[in-house]
Structures are given as C-alpha cells and as structure tokens.
Amino acid sequence: MRALLLLVLLIGACETRRVVRWDPPLGSLPGATSGMPIVEDNRFNFADPTRAPEGGIRQELDDGTVRLYARSARHLMSHIYTTLANNERDLFAEQVLSEITRREFLDRGRDPREAFDMLKQHEDDILRLFDLMPMGEYTPGVIWKTIGRVGNSTIVRLGVTGPGTSEMRYTFMDMAMEHGNWRLRWFGP
C-alpha cells in the first residue's frame, strides 16, 4: 500500500514545460537577436476574411471592366455609395445587388437595374443611415443580426437604433453573402 501511495505521489509531482510562444520585445525587427530562439504559436495566425484583396475593393481589369469585392459590410457600403454617386446603374445591378433581389425583380417582370433607380431617389436617406455607421459593422452601437438563409446565402441585418432614428426612412441594411462577397439585399425602416 505504501508503494502505491509513493507511486501516486511521484506521478503527481511530474511536470513538463514547453515554451509555446517566445516573442521578445522588438524581436521581430530585422537583425534582432535573443538569448533564446523565438518560438511562434501558429494557431492564432490566420487570414482575415474581411481584409481587402491586394489591389483594393474596386479593381479595374485590363479590358476596362470593373470588379467589386465586398468582404465586409463597410466594403459593401462603399460600393453602394460609389455606384450611386457615379450613376453606375449596370455595375450596381450586376455586382452590388444580391442575386436574390435580382431574381425577385425578374420574377415580377422588372429589370433589376430599376433597383438602382429606386435607391437613387432615396440616396440622401441611404447616406443618413451610412452617417450613423461610418465604420460599418465595426461602428459602436451598430446591431449585426443574422436573419436566416435564402438558398445558399446567409442574410444579415446591419442596423442602427437610438435617438433620431424613428424619423429615418432606413434604419437597417440587409446583406446576403454570395460567393465570398456581401451583396445588398435591401434597406428597411
């Protein structure tokens, strides 16, 4: 019995140490040295899916066509603002508007480019909404809510609340994640 108790005590006293991460101050500077080798933990090094692609969120291709990337709500807001300001009706309908909303326009016998015309009439209301969330989903107080799914697309609502919002035409923007980019579903009160 004593031998078993001694064995349990010895096993409990065993200790293993492993340096998971050693990143000394200024250790990442070129030519820096350290008394210990720098050990990195790669578990937390991952690509940010909301990061703009190299070349920016609006890229003009060699053939003159424009390709829009919206990896975040803020990117989408920028595309909405820019296409409305530049009167880019076709670009808006093709790359800003979600496939779901385009399909709804077509199912009603309407041209999806009419969505641009409808929103152009309320451009000031859209800008008022964007003024209350200048950093998109990163603006303090902005509500990010998953609405659900339509087909393969996740629908998310980005909205504002608080004083003064009751008089606004739009207090939220619904977005659909389609093929790795956020697209506009629609605006709402």
Side-chain angles (χ1 to χ4, degrees), residues 47-53 55-61 64-189:
D48 181 2
T50 64
R51 187 174 186 184
I57 61 173
R58 182 184 175 109
Q59 298 179 11
E60 190 166 332
L61 306 178
T65 59
V66 174
R67 177 75 179 121
L68 302 178
Y69 297 92
R71 304 283 165 75
S72 70
R74 188 173 181 195
H75 296 165
L76 178 59
M77 289 166 53
S78 175
H79 294 318
I80 293 167
Y81 173 81
T82 304
T83 54
L84 288 173
N86 296 342
N87 289 314
E88 297 173 315
R89 189 175 190 239
D90 291 334
L91 185 61
F92 178 89
E94 292 167 9
Q95 295 189 45
V96 175
L97 200 61
S98 69
E99 292 173 9
I100 301 162
T101 306
R102 277 197 306 271
R103 193 173 340 111
E104 286 177 354
F105 270 82
L106 292 171
D107 290 346
R108 292 181 178 125
R110 300 181 74 177
D111 186 342
R113 291 177 294 187
E114 290 179 45
F116 176 87
D117 301 333
M118 294 167 69
L119 293 178
K120 186 69 176 173
Q121 292 175 0
H122 301 290
E123 187 173 3
D124 290 340
D125 297 314
I126 293 168
L127 296 180
R128 281 185 68 199
L129 173 63
F130 288 177
D131 283 346
L132 292 179
M133 49 183 183
M135 296 184 303
E137 64 272 40
Y138 302 111
T139 304
V142 166
I143 299 166
W144 173 283
K145 180 180 177 184
T146 302
I147 302 298
R149 295 186 64 82
V150 175
N152 293 329
S153 299
T154 300
I155 309 298
V156 172
R157 178 165 292 165
L158 194 65
V160 296
T161 60
T165 58
S166 61
E167 293 91 34
M168 293 176 58
R169 175 181 293 275
Y170 301 126
T171 58
F172 67 84
M173 173 179 75
D174 286 350
M175 312 177 302
M177 175 54 78
E178 297 175 350
H179 311 290
N181 287 294
W182 289 108
R183 300 293 184 225
L184 176 64
R185 178 75 174 97
W186 207 248
F187 292 93

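Sequence positions, counted from 1, serve as the residue numbers for this chain.
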Output yes when a side-chain donor or acceptor of [X] lies under 3.5 Å from a complementary backbone atom of [Y], and no otherwise.
| X | Y | value |
| --- | --- | --- |
| T139 | M135 | yes |
| D174 | W186 | no |
| E178 | R183 | no |
| T83 | H79 | yes |
| T146 | V156 | no |
| T171 | P189 | yes |

Look up atom [atom1] in [X] and atom [atom2] in [Y], then write down how far apart they are to the nearest 0.5 Å.
| X | Y | atom1 | atom2 | result |
| --- | --- | --- | --- | --- |
| H179 | E99 | NE2 | CD | 3.5 Å |
| E104 | L106 | CD | CG | 10.5 Å |
| L68 | T82 | CG | OG1 | 8.5 Å |
| T161 | M168 | OG1 | CE | 11.0 Å |
| I80 | F187 | CD1 | CZ | 4.0 Å |
| K145 | R157 | NZ | CZ | 6.5 Å |

E94 versus R102: any side-chain heavy-atom pair under 4.5 Å?
no
Quick one, Y69 and H75 - any side-chain contact, counting heavy atoms below 4.5 Å?
no
Ignoring hydrogens, what is the shortest heavy-atom contact between [X] and [Y]? Give both atom names and the distance.
| X | Y | result |
| --- | --- | --- |
| N181 | A70 | OD1-N, 2.8 Å |
| W144 | A73 | CZ3-CB, 4.3 Å |
| A176 | S98 | CB-CB, 4.0 Å |
| S72 | E137 | CB-OE2, 3.1 Å |
| G136 | L158 | C-CD2, 4.2 Å |

Could you give me the CA-CA distance, side-chain angles and deciding distance for V96 and L91, then say whether side chain to side chain contact (heavy atoms under 4.5 Å, CB included) is met?
CA-CA 7 Å; V96 175; L91 185 61; 5.6 Å; no
Examine R89 relative to F116 and say whether NZ or CZ is less than 6.0 Å from the centre of the six-membered ring and inside a 45° cone about the ring axis.
no
Please list, chain by chain and in numerical order, all residues satisfying side chain to side chain donor-acceptor pair (under 3.5 Å) with N152, sequence neighbours excluded.
none
I would like to know whether D111 and F105 meet side chain to side chain contact (heavy atoms under 4.5 Å, CB included); could you show each step before the answer?
CA-CA 6 Å; D111 186 342; F105 270 82; over 6 Å; no
Yes or no on side chain to side chain contact (heavy atoms under 4.5 Å, CB included) for F172 and I143, after CA distance, side-chain angles and deciding distance?
CA-CA 9 Å; F172 67 84; I143 299 166; over 6 Å; no
Please tabulate, for the side chains in residues 121-133, all donor-acceptor contacts under 3.5 angstrom to protein atoms that are two or more places apart in sequence or on a different chain.
unit_1 : atom_1 : unit_2 : atom_2 : d
H122   : ND1    : R169   : NE     : 3.1
E123   : OE1    : K120   : NZ     : 2.9
D125   : OD2    : R169   : NE     : 3.0

Taking side chain to side chain contact (heavy atoms under 4.5 Å, CB included) as the criterion, tell me which of R185, M175, M177 meets it with I155.
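For I155, the side chain to side chain contact (heavy atoms under 4.5 Å, CB included) test succeeds with only one of R185, M175, M177, which is R185.
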Looking at E88 and R58, does any basic side-chain N land under 4.0 Å from a carboxylate oxygen?
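The answer is yes: the pair qualifies as a salt bridge.
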